[in-house]
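Notes follow once the structure below has been shown.
As a basis for the values below, the full set of heavy atoms in this structure was taken, side chains included, without hydrogen atoms, waters or symmetry mates. Numbers here are sequence positions counted from 1. One-based numbering, in listed order, for ligands and for the atoms of each.
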Amino acid sequence: MTLSFVYELLGFLLGLLFGSFLNVCISRLPAHESIVKPRSHCMECGHAIRWFDNVPILSWLLLRARCRDCKARISWRYAAVELAVGVWFAICANKLFVLDLAKVSRLSEPTTGEYVDIFGFAILGFLLIGLMVMDWQTQRLPDAFTLTGIGIGFMLTCVQAYFLAPGQGDIVIDTTHQLRLSSPGSFASQGNVFMTGPEALVLGRIATIASAALILLAVRWGYKALRKRDGMGLGDVKLLAMIAAFLGFGEALLALFAAVLAASVYGIVLLARRQASGSSKLPLGSFLAAGGLFSALSGPRIVEWYMNLMQ
Ligand SMILES: [Zn+2]
């Protein structure tokens, strides 16, 4: 058994627990119920679920997807959500292993920002998996996830800004002059520092969140002006802003692009099978959330590739 496997297994088990909690959120948040009280119970007969019947995935398998008391079917959604969060956390654990290995073998010194990145990656996955399922089942994207997510993503950006090394990320306009335009206390020794790294990171992220929201707001207004009805909820706007808060602008655009592409394909398939008409509603939020997961996994590489292409 290799050490990386131990990391991934622990991550997976922790993910199962969080997935179990996420199931409670998915069942209760869209209906504005408390996620603390009452205890988990069967949706059919109302019996409280015994602790040994509440073990992630395992109980679902052992009970053969049925309630112990009334034998009502338990949706596969519960096991799927637990599994998804488990796999997501295992990926996070692997990222953590790579950092720790580099540290122990003294190949490189991982920065605090890199650890914060993994932490944010885990939270983002948890929120996106939850939003994906909630929008699909209830056409709702609760503020408890989207707005809270924007707050957490922005807060983590501030933490990263705090841990930037002196001079790292500075925006320098003219390297030949000694004039300093930046705030006092910046580490500009040479050149015309327009913004220090932390200023650029935090202000840039605010601009990023606002522009991501504005893009979808513009689409929303445009649709309303043309068709005289709402085509997109504000939840979708907040969801894209949340993805931008965690990942940045390029990654948010990638998530939007992937979502629109996937939703279009899905819509065309539905139209072709005559299961939908031109005025049917697609759960865009689910596609956005899935696009966000895709972007979190492969976004940095794709955005970098695209930037190189543009140069
Ligand atoms: Zn029951």
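When atom types are taken as modelled, the side chain of D69 and the backbone of H47 share no donor-acceptor pair closer than 3.5 angstrom. Proximity of a side-chain donor or acceptor of E82 to a complementary backbone N or O of G19 within less than 3.5 Å is not detected. Checking side-chain atoms of R73 against main-chain N and O of R66 turns up no donor-acceptor pair under 3.5 Å.
Rounding to the nearest 10°, we obtain 110° for the angle at the Zn ion (ligand 1) between C70 SG and C42 SG. Rounded to 10°, the angle formed at the Zn ion (ligand 1) by C67 SG and C45 SG is 120°.
Between the Zn ion (ligand 1) and H47 there is no N/O/S contact shorter than 2.8 Å.
For H41, the NE2 atom counts as densely surrounded, since its 6.0 Å shell holds more than 12 non-hydrogen atoms of other residues, nucleotides or ligands.
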